[in-house]
Number of protein chains: 2
Amino acid sequence: MAKLEDVAKRAGVSTATVSKVLSNTPYFTESTRQRVMRAVEELGYVPNLAARALAAGKTSIIAVVFPHVYDGVFQDPHTLHILQGIEAECTQRGYNILLSTPRLTPDGVDEHYLRLIQSGYIDGIIALDNVPIYSVLEPIRSKSIPVVNLGTHPSEHYVHTNDYSGGFQLMQHLLELGHRAIGIISVPNDLNLSANHRMEGLRAAAQAAGVDFDALPIAEGDFSITSGAACADLLLQQFPTLTAFVCLNDRMAMGAVQLVHRIGRRVPDDISVVGYDDIPMAAVFDPPLTTIDAHAPTRGRDATRMLFDVLNGKFPDPVVYPVDLIVRESSTHT
Amino acid sequence: MAKLEDVAKRAGVSTATVSKVLSNTPYFTESTRQRVMRAVEELGYVPNLAARALAAGKTSIIAVVFPHVYDGVFQDPHTLHILQGIEAECTQRGYNILLSTPRLTPDGVDEHYLRLIQSGYIDGIIALDNVPIYSVLEPIRSKSIPVVNLGTHPSEHYVHTNDYSGGFQLMQHLLELGHRAIGIISVPNDLNLSANHRMEGLRAAAQAAGVDFDALPIAEGDFSITSGAACADLLLQQFPTLTAFVCLNDRMAMGAVQLVHRIGRRVPDDISVVGYDDIPMAAVFDPPLTTIDAHAPTRGRDATRMLFDVLNGKFPDPVVYPVDLIVRESSTHT
DNA sequence: ATCTTATAGTTAAGCGCTTAACTACAGCAA
DNA sequence: TTGCTGTAGTTAAGCGCTTAACTATAAGAT
């Protein structure tokens, strides 16, 4: 494998000159540049990233941190959506993605993650930092690693989505369809901060319409499809006259739809069901789900662009994305 | 940030001794070990992985290579399933996952991937190498990077699934239910080697039952849900009396189911639909899909264990997993 | 008692690159 | 003409760790 030194010899210059040409930093003439680049091609030279990392502290690696607290990270297509946006941007800029899925407790985060953070191996971090019990950004605060947060724990740089508005629009949608007997399929409030904001939006929309939110029945799942079905089952046993379910993500909505069909009733004729996140399956589910589009790939991409701005010494403003209500066929009038 | 040298000073030994203690290589006394470990903890020392990579050629990073030829890598829950198994094993062994999604052409692979391969940044590679036009392992063959292939391009070390048997069982299942008017929803044969093997299994089962496989109508999608719906639509227009669809993945099966319902017919009453891969949604789709379980998380985990065996100088045998037919509610007698 | 091998720890070279400091010269302003 | 600043390229130190080769001693075999 060719080294910088080999390129230098072939081009008839010093290693510093080769390094300057490759990084396009002053000074070199055009004829020197051409000789160097010809040598690079002839030798098939590729920089050793470990040496570069050691010498310059730059690794061309971005860590994407998805806390592994519930099953979501490897079950939720939402994860892939965010990665899709991040990957497109990183690849375009010649960076690599290191995927980190730390386990969390109230006291902290696993040792493996801590070692990664301190390893000198990461130029920057994009985190989906949404677990209430602990912020994966906590160990990073005393480091100088640039971070962009797609979650809602406090962070200097972030790309958020307006979960409150999403919750508000979902509830408003059902209320405008005439529903008042609405079951809420939620998750425990120590599972996910975004979910908590969605609940606040649900509450606000209910209150704005003069509906007593606290009187609405709630069941807590864990974002999984099966938990959505179980919640729907529980709610319908306790409140057989419910005419709608509002679910905090699409997968629980799909579970709810499945349960409703299983007991011989129909969505949306008998019970409307709405979800959140607009995962790919939402559009082709039967019936296609009414949901909130939170623009996951776009947020992934823009978080990555923000991170590169920070890496380049800029000071980008935080971004809060609006969400869009996507009305499909799983909701209708009472 | 503490360096090895700081630990050495605090423990009153040389840096070589600290390195020996941390890597547990000969020789050191127990009292030396304890003094070193106390210093490590007091200083919060974490090895600089770039320096270690440069000095020893070991990076604690595994590259997971998912070629990005169709939408699948970021749309297919199967991707997440494989990653789930890989991640569990890597994290347990203190390794990190670098996610690489190279773009392919018949002539080769993108520059970014080539740079990664040659960067000295990867201890080993796990590849889902299934795209017929080019093998992502090709640029690696002249390198000494250990590789385990989850796809079906030739590789010294591999964990495969028996796609042929899966195809065979799917077709056999439908034939045993009495179906003969079977539409096949496939993909172009230059898209995915596993799909090609599944087709061969379909053909073999048909021939074993005395059914003229070439007389069966075929439409080609691209593994996406929408293409599955489009294929079902096309096939039903041309062959309205079809009683079954066999689809080469679950997402196309879901699209087919959606299309059948959309034209007012029912699955499986009017048309049976079977898929492949058993993605999480398959079990809760309406109706739940009959499919082939190809054990994605297990294969991810075992591919990773195999890679670590190779990294540790062992010579593991390749593994070919059986697949399992999962009969659910989307298929029934004609 | 002597020789050989193992144990315990240390010194220092080097992994491959970046970049500060340097040498030499060119161009411009006073 | 002289002094200052910029251009072009080079030298060499160092980033942080690993580990070969070294020194010293201990233990075992003859």
Side-chain angles (χ1 to χ4, degrees), chain A residues 1-37 39-40 43-61 94 115-123 143-144, chain B residues 1-37 39-40 43-61 94 115-123 143-144:
Chain A
M1 193 61 34
K3 293 177 282 191
L4 205 77
E5 188 179 345
D6 303 319
V7 175
K9 282 173 177 168
R10 173 70 66 100
V13 294
S14 69
T15 55
T17 297
V18 176
S19 186
K20 288 171 191 280
V21 168
L22 292 181
S23 62
N24 201 27
T25 52
Y27 294 95
F28 51 86
T29 61
E30 176 59 19
S31 72
T32 296
R33 194 193 68 80
Q34 290 178 6
R35 286 205 324 279
V36 167
M37 292 312 298
V40 166
L43 296 171
Y45 168 77
V46 168
N48 180 306
L49 296 180
R52 179 173 281 179
L54 185 58
K58 292 193 187 105
T59 64
S60 299
I61 292 186
R115 292 174 66 88
L116 176 64
I117 292 311
Q118 294 174 329
S119 69
Y121 246 24
I122 294 171
D123 285 349
K143 309 292 186 285
S144 58
Chain B
M1 190 62 33
K3 294 176 282 194
L4 206 77
E5 189 179 343
D6 303 319
V7 174
K9 283 174 177 168
R10 173 70 67 98
V13 294
S14 69
T15 55
T17 297
V18 176
S19 186
K20 288 171 189 280
V21 168
L22 292 181
S23 61
N24 201 27
T25 52
Y27 293 96
F28 53 86
T29 61
E30 176 60 19
S31 72
T32 295
R33 193 192 69 80
Q34 289 177 6
R35 287 205 324 279
V36 167
M37 293 312 299
V40 165
L43 295 171
Y45 169 77
V46 167
N48 181 306
L49 295 180
R52 176 174 283 180
L54 186 58
K58 293 194 187 102
T59 64
S60 298
I61 292 186
R115 291 173 67 89
L116 175 66
I117 292 311
Q118 293 174 333
S119 67
Y121 245 23
I122 292 171
D123 285 350
K143 310 295 185 283
S144 57

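We use all heavy atoms of the structure for the numbers below, so side chains are in, but hydrogens, waters and symmetry mates are not. Chain identifiers are assigned alphabetically (A, B, ...) following the order of the sequence lines, protein sequences preceding nucleic acid strands; residue numbering begins at 1 within each chain.
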Exercise for review: Quick one: label A/Ala56 by what it contacts on the DNA or RNA (base, sugar-phosphate, nothing), any heavy atom closer than 4.0 Å.
Suggested key: sugar-phosphate
Review point. Quick one: which of D/dC15, C/dC17, D/dC17 gets closest to the side chain of A/Leu54?
Key: D/dC15
Practice item. Answer yes or no: does atom CD of A/Gln34 have more than 12 heavy-atom neighbours from other residues, nucleotides or ligands under 6.0 Å? Key: yes
Point to revise | Among C/dC17, C/dA12, D/dT10, the nucleotide that comes nearest once only the side chain of B/Thr15 is considered | key: C/dA12
Practice item. Round to a whole Å and report the spacing from CG of B/Leu4 to P of C/dT11. Key: 14 Å
Point to revise | Any B/Ser19 side-chain N or O less than 4.0 Å from OP1/OP2 of D/dT19 | key: no
Revision key, fill the gap. Side-chain atoms of B/Lys3 come closest, of D/dT10, C/dC17, D/dC17, to D/dC17
Review point. What's the CG-P distance between A/Asn48 and D/dT18, to the nearest Å?
Key: 16 Å
Review point. If only side-chain N and O atoms of A/Ser14 are considered, is one of them under 4.0 Å from the OP1 or OP2 phosphate oxygen of D/dT11?
Key: no
Point to revise | Length of the CZ-C1' vector between B/Arg52 and C/dG16, whole Å | key: 18 Å
Point to revise | Spacing of B/Leu116 atom CG and B/Ile122 atom CD1 [to the nearest 0.5 Å] | key: 3.5 Å
Study note, to complete from the structure: Note: contacts of residues 22-31 of chain B with DNA chain C (heavy atom, under 4.0 Å) are B/Tyr27, B/Phe28, B/Thr29
Review point. To the nearest angstrom, how far is B/Lys20 atom NZ from D/dT19 atom P?
Key: 9 Å
Check your understanding: More 5' along DNA chain C: A/Lys58 or A/Ala51, using each one's nearest nucleotide?
Key -> A/Ala51
Exercise for review: Decide yes or no on side-chain contact (heavy atoms from CB on, under 4.5 Å) for B/Tyr45 and B/Leu22, but give the supporting numbers first.
Suggested key: CA-CA 11 Å; B/Tyr45 169 77; B/Leu22 292 181; 3.5 Å; yes
**Study point:** Separation between CG of B/Leu49 and OG1 of B/Thr59, rounded to the nearest 0.5 Å
**Key:** 8.0 Å
Practice item. Would you mind telling me which of D/dT10, D/dA20, C/dG16 lies closest to the side-chain atoms of B/Ala16? Key: D/dA20
Check your understanding: Rounded to the nearest 0.5 Å, what separation is found between the CD1 atom of A/Ile61 and the OG atom of B/Ser119?
Key -> 7.5 Å
Practice item. In whole angstrom, give the distance that lies between atom NZ of B/Lys9 and atom C1' of D/dG16. Key: 13 Å
Exercise for review: Calculate, to the nearest 0.5 Å, the distance between atoms OG and NZ belonging to A/Ser14 and A/Lys20 respectively.
Suggested key: 8.0 Å
Revision key, fill the gap. Rounded to whole Å, the CG-C1' distance (A/Leu49 to C/dC15) equals 14 Å
Practice item. Using whole Å, report how far CG of B/Asp6 lies from P of D/dG16. Key: 9 Å
**Study point:** Candidates D/dT18, C/dC15, D/dC17 - which lies nearest the side chain of B/Tyr45
**Key:** D/dC17
Review point. Should the heavy atoms of other residues, nucleotides or ligands under 6.0 Å from NZ of B/Lys58 be counted, would the total exceed 12?
Key: no
Study note, to complete from the structure: To the nearest angstrom, the CD-C1' distance between B/Gln118 and C/dG16 comes to 15 Å
